Asks: 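Once you've had a glance at the structure underneath, I'll fire off some questions.
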Amino acid sequence: MMLRSLLATVALAVGLTSCSSTPDLDPEAARAQMLALAPAIDSVPSSGLGPQEVLAGECALFLWSQTDTSKFIFFSKALSGTAAFAQGETPISLIQTGAGGNIFGQFNTETRYASDDGRELALEVVPGERMNGGQRVERGLITLTDKEGWLTKLPVLGVRACQPE
């Protein structure tokens, strides 16, 4: 419901902008502009991931939306080669396709993932201060590329944490 309200607000803003800047814009062109924004809006997490289990001796990466820290949006267990990402209403499962940058505990500062349906996710993190059992993620950026080539950039922050054995 909140997504529909957001989409309606964006549609109204696009419509008003279109009307004020180009008076001859027909209703179909205005509708096309609104629909062009829909893929990016659908990529914004509407809720978040649920609780995740990390067993004794395991480490994991937990990331929250930097713009709404109540939304837990990314999770990956170290050395698993998989991740979960909250997108729209349904979390998506990801398979790691590459890694680079610097070593950050049992993770890399740059990691790439892909979903079964053709979406790609690039994650870049900047490690922060160390803490007992892990390390903070000072800041990061998720870049999601959908099947049509639309890019969505989501700033994140979080923690890399390990469960003691």
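Everything quoted here is computed from the prediction, not taken from an experiment.
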Asks: Would you say that Asn108 contacts Asn102 through its side chain, given a criterion of any heavy-atom pair below 4.5 Å between the two side chains?
Replies: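 Side chain of Asn108 against side chain of Asn102, heavy atoms only: no contact under 4.5 Å found.
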
Asks: Quick one: list whatever passes side-chain hydrogen bond (donor to acceptor under 3.5 Å, both in side chains) with Thr82, sequence neighbours left out.
Replies: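 By the side-chain hydrogen bond (donor to acceptor under 3.5 Å, both in side chains) rule, Thr82 matches Ser80.
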
Asks: For residues 116-131, run the donor-acceptor check on the side chains, cut-off 3.5 Å, and write out each pair with its distance to 0.1 Å, sequence neighbours left out.
Replies:
from   : atom 1 : to     : atom 2 : distance (Å)
Asp117 : OD1    : Ser115 : OG     : 2.4
Asp117 : OD1    : Arg119 : NE     : 3.1
Asp117 : OD2    : Arg119 : NE     : 3.2
Asp117 : OD2    : Arg119 : NH2    : 2.7
Arg119 : NH1    : Gln87  : OE1    : 2.2

Asks: Any sub-3.5 Å donor-acceptor pair from Asp146's side-chain atoms to Gly149's backbone N or O?
Replies: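 Looks like yes, one N/O pair under 3.5 Å.
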
Asks: Is there side-chain contact between Ile92 and Leu94, with heavy atoms separated by less than 4.5 Å?
Replies: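 With C-beta onward as the side chain, the pair touches.
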
Asks: Which heavy atom of Phe74 sits nearest a heavy atom of Ala83, and at what distance?
Replies: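 Closest pair (atom of Phe74, atom of Ala83, distance): CZ-CB, 3.6 Å.
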
Asks: Mind checking what makes side-chain hydrogen bond (donor to acceptor under 3.5 Å, both in side chains) contact with Thr97, not counting sequence neighbours?
Replies: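 None.
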
Asks: Got a sec, which residues hit side-chain hydrogen bond (donor to acceptor under 3.5 Å, both in side chains) with Thr109, two or more places apart in sequence or on another chain?
Replies: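 side-chain hydrogen bond (donor to acceptor under 3.5 Å, both in side chains) list for Thr109, sorted by chain: empty.
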
Asks: For Asn132, check side-chain hydrogen bond (donor to acceptor under 3.5 Å, both in side chains) against everything at least two apart and list the hits.
Replies: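 Checked Asn132 against side-chain hydrogen bond (donor to acceptor under 3.5 Å, both in side chains); zero matches.
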
Asks: Any non-hydrogen side-chain atom of Leu49 less than 4.5 Å from a side-chain atom of Ile73?
Replies: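 Heavy-atom side-chain distance check fails, nothing below 4.5 Å.
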
Asks: Within 45 degrees of the axis of the six-membered ring of Phe107 and under 6.0 Å from its centre: does Arg160 put its NZ or CZ there?
Replies: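 Pair Arg160/Phe107 does not count as cation-pi.
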
Asks: Please examine the side chains of Phe85 and Ile142, heavy atoms only from C-beta on, and report whether any two atoms are closer than 4.5 Å.
Replies: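 Yes, close enough: below the 4.5 Å cut-off.
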
Asks: Check residues 55-64 and write down every donor-acceptor pair under 3.5 Å in which the side-chain atom is one partner and the other belongs to a residue at least two apart or another chain.
Replies:
from  : atom 1 : to    : atom 2 : distance (Å)
Glu58 : OE1    : Leu55 : N      : 2.7
Glu58 : OE1    : Lys77 : NZ     : 3.2

Asks: Does the side chain of Thr67 come within less than 4.5 Å of Pro155's, by heavy atoms?
Replies: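 Side chain of Pro155 against side chain of Thr67, heavy atoms only: contact under 4.5 Å found.
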
Asks: Any non-hydrogen side-chain atom of Leu144 less than 4.5 Å from a side-chain atom of Leu151?
Replies: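 They are not in contact (no side-chain heavy atoms under 4.5 Å apart), so the answer is no.
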
Asks: Flag the pair Thr143 / Lys153 as yes when at least one side-chain heavy-atom distance between them is below 4.5 Å, and no otherwise.
Replies: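 The answer is yes; the side chains approach within 4.5 Å.
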
Asks: If you take all heavy atoms of Gln52 and Phe72, which pair is closest and at what distance?
Replies: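 Between these two residues, the closest heavy atoms are CG-CE2, 3.7 Å.
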
Asks: For Gln163 and Val54, work out which heavy atoms get closest and say how close.
Replies: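 Closest approach of Gln163 to Val54, heavy atoms only: CG-O, 3.2 Å.
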
